[in-house]
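Single-structure report; data block below.
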Amino acid sequence: MDFFSRGYTALRGERGQPQSADETIEKLADCLETATLLEDRRAGVLSLKGLVRDWPEEVGNKSFPGLIKVLHTDYKDVDITKSLLETITILCTVQHQQDKDDKGFKFTDYFIEDSRNVTILLDILEEFDFYVRYNTIKLLSTLLANRSKRIQECILTNPMGISRLVDMLDDKRDIIRNEGLLLLIGLTRSNTEVQKIVTFQATFEKLLAVIEEQEGISGDIVVQDSLTLMHNLLRYNVSDQVYFRETSCIQQIPGLLGYVGDSDADHVPYSFEDWPPQKIANTVLVLQLIRILTEPDSSSTPINQKVMVQSGILLPIVQLGLCSNAPSIVRTEALYSIAYVVASNIDNQLMLGKIVVACPPVLNQDGQIDANVAPGIPRPAMVSLISIAVNEDRGVSYSYSSRAAATYAVYSCLEENPDAQLVLASTLKTPPEDNVNSSYTDKPHSAGSLLLEVIENWEQTLSDPYKVWFACDILSHIIRNNERAKEIAGSIVFGDEANGEDPVPLLHQIVAQLLMSTKNPSTNARIPIGYLCLLCTWLHESPASVSLFLAESTHVQFLIQEMQSSTNDPTVQGLVAYLLGITYEYNDDPSTPLDRAKLQAIFSSRLDQFNSLLARLRDSPAVKNAPQYLQISAEDESISNTTHSLPSLLLDSVFVDLFKSNYENIQKSIKKKPAKFHKIESRTNSPAPPSPVVSDEVIQNYKNTIEEQLNQIKSLESKVSELEVSLQTLKSNDELIKNELTLAATDKASLEEQVSDLKTKLAAAETEAAKKSSQPPAVDEKQAALIKELEKQLAEEKAKFADLEKEQEDLLVCMGEQDLDVKKYKKRLRDLGEVVTDSEDEDDE
C-alpha cells in the first residue's frame with residue numbers, strides 16, 4: 001500500500017490538487033536524484049515507466065540522467081532494473097529512421113556517450129531472471145540498431161562482454177536464446193575484431209547444436225538466424241574459416257542438407273520433397289555457406305574444397321542441383337555450390353566427372369510423373385549440367401538463373417584442367433544408337449553432341465535464344481587457350497560425302513549459322529552474339545584456326561557487310577569488328593586466299609569504323625555490366641518472369657576480360673603494315689601434347705632443388721674466381737722470388753770476390769808484418785791501423801755473407817711451398833672443370 005500511496009501522491013500533489021504532466025515528471029525525476037530509500041526510487045521509476053509512452057520527450061529530457069544514475073546504483077534489484085530497462089528502451093527507440101533529429105537518436109547518444117553505461121548492461125546479463133535478461137538484450141539491440149559502431153567499441157572495451165552475449169545461446173529459454181542470436185547477428189555484421197572474438201567463444205559448435213536441435217533445414221526461423229550468424233562470422237574472414245575447418249565443423253555441412261539417397265548406388269537417384277518457404281530459406285543459406293568457404297581466389301579455398309569433398313558434400317549438392325524437384329532458387333544455389341567446390345581443383349573435378357545421376361522424370365499436366373513415358377537412362381553429371389544449361393530435358397523447364405549457374409559449373413569443371421577440355425572436345429561427335437537403348441524414347445547424348453545439336457538448330461530456339469547462347473559459351477570454354485581442343489573441334493565435319501554432300505568443317509558451319517541468324521529479322525541479338533563470342537575465342541592466338549577460317553574467302557566479305565549494317569545490334573557490330581581484328585592479327589599463313597596484305601587493303605579504308613565500333617563495344621552496358629560468375633540477379637529474374645522478357649545477360653565475364661586485355665592490341669594491329677608483323681611462334685603453330693598434371697608440392701620441390709643448385713653454382717663460380725686470383729698472386733710472388741734469388745746469387749758472387757780479395761790483402765799484410773817482426777822492433781803505426789781496418793771489413797763481409805746464405809735458404813723453402821700450392825690449386829681447378837694448359841704446367845716446372 002505504501003507504494004501505491006507514494007505514486008498517487010506524486011500525481012495529485014501534496015494538497016490533493018491535480019498537477020500537469022511536466023510538474024509530475026519533474027518531481028519524479030527529482031525523486032530519482034535525491035531519494036535515499038530504495039522504495040522511493042522504485043516508486044519513481046515505476047511512475048515514469050507509466051508516463052513514458054504518452055510523454056516520452058518530457059520524461060527523457062527531465063529524468064534521463066536520474067534513470068542512468070539509478071541503473072548504476074540499484075541494478076542488482078530485479079524489480080527496479082526491469083522497469084528501468086523498459087523505460088530506457090522506449091526512450092531510445094527510433095520512430096522515424098529517416099529523421100536524424102528523432103528523440104531515439106538523441107537519447108541513444110546520451111546513453112552511450114559514457115561506455116560505463118553499456119558495461120553495466122553487460123554486467124546485468126549475469127542476472128538469470130527472464131525479464132531482466134530479455135529487456136537487457138532488447139535495450140542493447142535498440143542501441144545497436146541506432147549506433148552500431150559505437151556499441152561495438154563499447155562492448156570491445158569490456159573483457160567479458162562478448163562472452164556474456166554468446167552465453168545467451170546456451171539459455172534453455174527459447175526467447176532469450178533467439179533474442180541473443182539476433183543481437184549477435186547485428187553485432188557481427190561488419191566488425192572483424194568482434195567476429196574473431198565471437199568465433200573463439202565456441203560459437204560455431206553452439207550454433208550447429210541449435211540447428212541440429214531444430215531438425216536442420218526443416219527447422220524454423222531459428223535455423224535461419226543461426227546460419228545467418230555463421231555467414232557473418234565466416235564471410236571475408238579467413239582466420240574464422242580456419243577455425244571453422246580445424247574444429248571439424250565443415251564435416252557437419254552435408255548432414256545439414258539431409259541428403260536422401262544411397263552413396264553406394266551406381267547413380268544419384270531423383271528425389272521428391274516438400275519445399276515450404278522456411279525450408280527453402282534454410283537450404284539456400286546452407287548452400288551459400290558452402291560458397292563462402294570456397295570463394296574463388298581465397299587462400300583458404302583449396303584446403304576447404306578438399307575437406308568438403310572428403311566429407312561427402314558432392315552427393316547432396318549434386319542431388320539438389322541436378323536430380324530433385326527443388327525450387328529454382330535452391331537449384332541455382334546448388335549448381336553454384338558445385339561450381340565453387342570443383343573450380344581449379346583437379347581432384348574434385350575428376351570426382352564430379354565420375355558421378356552418374358538419374359534423368360528427371362517427365363511430368364504430366366497435373367505435375368505428376370507420366371507413367372506412359374519411360375524414364376531416361378542415368379547419365380554423367382556433366383551431361384545433366386549441359387542439359388540444364390540448354391534446357392533440353394523433356395517436361396522440365398529451368399529458370400534462366402539455374403541455366404546460367406549450370407553453364408558456370410561446366411566452366412568450373414574445365415578451369416585449369418586442359419585434360420578435361422580434351423575429354424569434352426572428344427565428345428563433340430554424336431554417339432552411335434545401340435540396341436541397348438532402343439527401349440528409351442530419348443536418344444543417347446554425349447556432352448559435346450548435345451551442344452552441337454543446339455548450335456546447329458538455332459531456328460528451333462527463336463523463342464529461347466539463350467539455348468544457343470549458353471551452348472556457344474560452353475563450347476568456347478571447352479576450347480579456350482587449348483590448341484589441341486581447337487584442332488579436335490576443327491576436325492568435326494558436317495555433310496555425308498557418300499550422299500553427295502560437301503563436307504563442311506564445324507568452324508565454317510558456325511559461320512554459316514551466324515550468317516543465317518543475322519539475316520533473319522526475328523532473331524534475337526543473343527544468338528549472333530553467342531556465335532561471335534565463340535568464333536573470337538576460337539581464333540584468338542590460333543593461326544591454324546585463322547587459316548581454316550580464311551580457307552573460305554567469303555567469310556571476311558560477309559563479316560564486313562555485317563559490320564557496316566546499321567540494322568544490326570551495336571554489340572553485334574562491335575564483336576564483328578573484334579573478330580576481324582583477331583583474323584588480321586593472327587593471319588600467319590601466306591597460303592590462305594586472304595593473307596595480311598589483302599586484308600590490310602580491305603581494312604585500310606575502314607579504320608575509323610573499326611575504331612569507333614570497338615570503342616563503342618568497350619563502353620557498352622554489355623561489357624560494363626557483364627555479371628561475375630554468370631549470376632543473374634533475383635530482380636532481373638523476377639522481371640523476366642513477370643514481363644516474359646529476357647535477362648540483361650549478353651556477355652560472359654570471362655570473354656569480357658579477354659576483350660579488355662586485347663582491345664588496345666587489336667586496335668594497334670589493324671593499323672600495322674603486314675611487313676611489321678613477326679612470325680608467331682607459339683603453341684598454336686606446333687601444338688604439343690597436354691602436359692601431365694603435376695601437383696603443387698612436386699612443383700615446389702623442383703623449384704627448391706633448382707634454387708639450391710643455382711646457389712651451389714654461384715658458390716663454385718665464386719671459389720673459381722678466388723682460386724684464379726690466388727694463382728695469379730702466386731705466379732707474381734714466384735717471379736719476385738726468382739728475381740730476388742738472382743740478385744742474391746749476384747750479391748753472393750760479388751761478396752765472395754771481395755772476401756777473396758780481402759783474404760789476399762790480409763795474407764800479404766801478415767807476411768809483411770812477419771818480415772818486420774824479425775827485424776828490430778820498429779812499430780809502423782800506419783800499417784797496424786790498416787790491418788785492423790781490413791780485419792773489421794772482413795768480419796762485416798762475413799756477417800753479410802752469412803745473412804745472404806740464410807735469406808737464400810728461406811727463399812728456396814718459400815719457393816717450394818709456393819710450388820706445392822700452385823699444384824694444389826691447379827688440381828682443384830681441374831676438379832671444378834677448368835682447363836689447365838700444358839704451357840702453364842711447364843712454366844710451373
Side-chain angles (χ1 to χ4, degrees), residues 257 268 283-284 286-288 290-297 301 304-305 308-309 313-324 326 328-360 379-393 396 398-417 420-421 423-424 427 445-448 450-451 454 466-467 469-478 480 627-632 637 647 649 652-655:
L257 292 172
V268 180
T283 306
V284 168
V286 175
L287 294 170
Q288 289 176 347
I290 297 173
R291 294 178 63 182
I292 289 172
L293 293 167
T294 53
E295 186 73 26
D297 302 324
T301 290
N304 288 347
Q305 289 175 322
M308 280 188 177
V309 171
I313 197 65
L314 272 180
L315 290 181
I317 59 179
V318 163
Q319 187 180 58
L320 285 171
L322 302 182
C323 44
S324 77
S328 171
I329 185 172
V330 174
R331 185 187 306 277
T332 300
E333 287 297 332
L335 290 170
Y336 276 118
S337 297
I338 295 172
Y340 277 46
V341 168
V342 304
S344 303
N345 190 308
I346 293 178
D347 293 336
N348 293 359
Q349 290 166 346
L350 289 173
M351 190 168 293
L352 177 64
K354 296 176 183 178
I355 294 178
V356 177
V357 301
C359 290
R379 60 192 181 185
M382 183 64 70
V383 176
S384 280
L385 285 173
I386 295 176
S387 295
I388 293 173
V390 298
N391 208 23
E392 279 294 292
D393 286 330
V396 183
Y398 299 103
S399 66
Y400 291 118
S401 58
S402 293
R403 295 166 65 185
T407 303
Y408 180 70
V410 176
Y411 166 54
S412 297
C413 292
L414 304 174
E415 191 174 6
E416 298 183 18
N417 192 341
Q421 289 179 288
V423 169
L424 275 186
T427 66
H445 276 106
S446 64
L450 191 58
L451 294 174
V454 174
Y466 274 113
K467 274 194 172 186
W469 195 97
F470 285 129
C472 289
D473 193 58
I474 291 173
L475 182 54
S476 69
H477 285 303
I478 292 174
R480 185 182 307 278
Q628 193 177 26
Y629 315 135
L630 287 182
Q631 291 186 119
I632 295 177
E637 182 85 35
L649 175 64
D652 184 350
S653 60
V654 178
F655 176 82

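Residue numbers run from 1 in the order of the sequence given. From a predicted model like this one, the values you see are computed outputs, not experimental measurements. When reading the values below, keep in mind they use all heavy atoms of this one structure, side chains included, and skip hydrogens, waters and symmetry mates.
Remark: the Asn348 side chain and the Gln305 side chain contain no N/O donor-acceptor pair separated by less than 3.5 Å. For the residue pair Ser387 / Glu392, no side-chain donor-acceptor distance below 3.5 Å is found, with atom types taken as modelled. In the model, Ser402 has a side-chain atom that pairs as donor or acceptor with a side-chain atom of Thr332 under 3.5 Å.
Residues Leu385 and Cys413 approach most closely at CD1-SG, 4.5 Å, considering heavy atoms. Here the shortest heavy-atom pairing between Leu320 and Ser324 reads O-OG, 3.2 Å. Taking each heavy atom of Ala447 and Met382 in turn, the nearest pair found is CB-CG, 4.3 Å. Nearest heavy atoms, Ile388 versus Ala406: CG2-CB, 3.9 Å. Shown here for Asp652 and Trp469, the closest heavy-atom pair between the two residues is N-CZ2, 3.8 Å. What you find for Lys467 and Val454 is that their closest heavy atoms are O-CG1, 3.5 Å.
Counting only heavy atoms from C-beta outward, the side chains of His477 and Val410 never approach each other to under 4.5 Å. Looking at Ile338 and Val318, their side chains come closer than 4.5 Å, going by heavy atoms from C-beta outward. Contact of the Gln631 side chain with the Tyr336 side chain is registered, since non-hydrogen atoms from C-beta on lie closer than 4.5 Å. Residues Gln349 and Leu414 fail the side-chain proximity criterion, which asks for heavy atoms closer than 4.5 Å.
Taking CD1 of Ile313 as the start and CG of Leu257 as the end, the distance is 5.5 Å to the nearest 0.5 Å. Ile386 contributes atom CD1, which lies 9.5 Å from atom CG of Leu475 (distance to the nearest 0.5 angstrom). Atom CD in Gln421 sits 10.5 Å away from atom CD in Glu416 (nearest 0.5 Å). Interatomic distance, Ser401 OG to Leu649 CG, rounded to the nearest 0.5 Å: 11.5 Å. To the nearest 0.5 Å, atoms CZ (Arg379) and SG (Cys323) are separated by 9.5 Å. In this structure, CE on Met308 lies 8.5 Å from OG on Ser337, to the nearest 0.5 angstrom.
Between the Thr427 side chain and the Gly448 main chain, a donor and an acceptor come within less than 3.5 Å of each other. Between the side chain of Thr301 and the backbone N or O of Asp297, no donor-acceptor pair lies under 3.5 Å. Side chain of Asn417 to main chain of Ile346: no donor-acceptor pair is present (N/O by atom type, distance under 3.5 Å, no hydrogens or angles).
Note: Tyr340 and Tyr629 have perpendicular aromatic rings, judged against thresholds of 30 and 60 degrees for the angle between ring planes.
Close placement of the Tyr466 and Tyr400 rings is indicated, their centers lying within 6.0 Å of each other.
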- Message: Working note: Tyr411 + Val654, criterion side-chain contact (heavy atoms from CB on, under 4.5 Å); need CA distance, chi angles, decisive distance, verdict.
- Response: CA-CA 10 Å; Tyr411 166 54; Val654 178; 3.8 Å; yes
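Atom CD1 of Ile329 has 12 or fewer heavy atoms from other residues, nucleotides or ligands within 6.0 Å.
Paired with Ile317 under the rule side chain to side chain contact (heavy atoms under 4.5 Å, CB included), one option of Val286, Leu335, Leu287 passes, and it is Leu287. For the side chain to side chain contact (heavy atoms under 4.5 Å, CB included) criterion with Val342, the lone passing option out of Leu350, Leu352, Val309, Asp347 is Leu352.
Annotation: cation-pi geometry not satisfied between Arg403 and Tyr398 (NZ/CZ under 6.0 angstrom from ring centroid, within 45° of ring axis).
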